[in-house]
Amino acid sequence: MTVQFTIPGKPFAWRRARSNGKVRFNDKAMEANADTLAAIALPHFPAPIEGPVRLEIRATFAVPKSYSKTKRDATIWRPHTQKPDGDNLAKQIGDALNRIAWVDDSQIADTRIIKLWGDKDQTVVFVDAMGPETV
């Protein structure tokens, strides 16, 4: 069973915790994004998946409006090779879906991240429980 859901808006990447010398703290935008992601995903998962999980992330970044029509046509649906890094996109989604889609993100045994230029900012997430025959 594959679960698919879409996260509207610009794809959001995990950020390292900051500190002010003595106290470490997480980025408030990162926490807000995790809450939004959890709210979107929660209706799709009656219970967290146990066992290995396959995760596919398709992050689409809108082509800037400043691009000419020619440059836009040459760019759209091509790979996005700028920041944010794909592994940081996966880390944010993996951490945010703990206890919602899976018990712990250490269960993610197969990950695929696709970053593309597109017509709008969004992230489509596919989650699939892996059985012994899916390796």
Side-chain angles (χ1 to χ4, degrees):
M1 167 189 97
T2 300
V3 175
Q4 172 187 344
F5 56 93
T6 302
I7 306 159
K10 191 167 184 176
F12 193 90
W14 175 85
R15 299 176 185 167
R16 187 172 311 282
R18 308 280 181 197
S19 72
N20 64 2
K22 295 181 182 178
V23 180
R24 293 180 57 86
F25 56 92
N26 286 327
D27 186 310
K28 297 224 183 287
M30 193 169 80
E31 290 176 2
N33 176 266
D35 292 342
T36 301
L37 211 152
I40 291 169
L42 194 57
H44 298 281
F45 297 96
I49 298 169
E50 294 187 18
V53 175
R54 176 177 291 119
L55 174 64
E56 182 174 324
I57 300 165
R58 295 182 189 166
T60 307
F61 297 84
V63 175
K65 294 187 185 326
S66 61
Y67 280 18
S68 68
K69 181 170 176 11
T70 305
K71 188 172 181 180
R72 181 186 193 290
D73 291 345
T75 303
I76 198 160
W77 307 122
R78 301 285 193 272
H80 180 277
T81 57
Q82 300 172 0
K83 290 192 179 218
D85 297 351
D87 57 339
N88 289 334
L89 293 171
K91 180 149 181 58
Q92 177 67 8
I93 291 170
D95 288 345
L97 295 182
N98 278 339
R99 295 176 302 282
I100 295 171
W102 39 73
V103 178
D104 186 76
D105 57 338
S106 64
Q107 293 171 245
I108 301 171
D110 184 5
T111 306
R112 181 170 186 205
I113 305 158
I114 303 166
K115 294 182 357 177
L116 295 171
W117 288 106
D119 53 358
K120 62 182 173 182
D121 289 323
Q122 69 178 9
T123 305
V124 181
V125 178
F126 298 86
V127 178
D128 191 24
M130 296 173 65
E133 69 284 347
T134 60
V135 178

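At a threshold of 4.5 Å between side-chain heavy atoms, the hydrophobic network of Ile, Leu, Val, Met, Phe, Trp and Tyr places Ile40 and Ile100 in one connected group. Leu42 and Ile7 fall within a single hydrophobic cluster, where Ile, Leu, Val, Met, Phe, Trp and Tyr are joined by side-chain heavy atoms under 4.5 Å apart, directly or via other members. Hydrophobic clustering (side-chain heavy atoms under 4.5 Å, transitive across Ile, Leu, Val, Met, Phe, Trp, Tyr) keeps Trp102 apart from Phe126. Both Phe5 and Ile108 are members of a single hydrophobic cluster when ILVMFWY side chains are connected at heavy-atom separations under 4.5 Å. Cluster membership check: Phe12 does not share its hydrophobic cluster with Trp117, using side-chain heavy-atom separations under 4.5 Å among Ile, Leu, Val, Met, Phe, Trp and Tyr.
Interatomic distance, Ile49 CD1 to Met130 CE, rounded to the nearest 0.5 Å: 11.5 Å. Rounded to the nearest 0.5 angstrom, Asp121 CG and Phe61 CZ are separated by 7.5 Å. The line from CD of Glu56 to OG1 of Thr2 is 9.5 Å long, rounded to the nearest 0.5 Å. To the nearest 0.5 angstrom, Arg78 atom CZ is 10.5 Å from Leu116 atom CG. How far CG of Leu89 is from CD1 of Ile114: 12.0 Å, rounded to the nearest 0.5 Å.
Taking every heavy atom of both residues into account, Phe45 and Ala41 meet most closely at CD1-O, 3.3 Å. In terms of heavy atoms, Gln82 sits closest to Lys115 at O-NZ, 2.7 Å. Considering all non-hydrogen atoms of both residues, Ile113 and Gly86 come closest at CD1-O, 3.2 Å. When every heavy atom of Thr60 is checked against every heavy atom of Lys120, the shortest pair comes out as CG2-O, 3.3 Å. Taking each heavy atom of Asp119 and Ile76 in turn, the nearest pair found is N-CD1, 3.9 Å. Nearest heavy atom pair, residue Ala13 against residue Gln92, reads C-CB, 4.1 Å.
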Decide yes or no on side chain to side chain contact (heavy atoms under 4.5 Å, CB included) for Thr123 and Ile93, but give the supporting numbers first. CA-CA 10 Å; Thr123 305; Ile93 291 170; 4.0 Å; yes
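The salt bridge (Lys or Arg N to Asp or Glu O under 4.0 Å) contacts involving residues 96-112 comprise Arg54-Asp110, where partners must be two or more places apart or lie in separate chains.
A salt bridge links Lys91 to Asp95: one of the charged nitrogens lies within less than 4.0 Å of a carboxylate oxygen.
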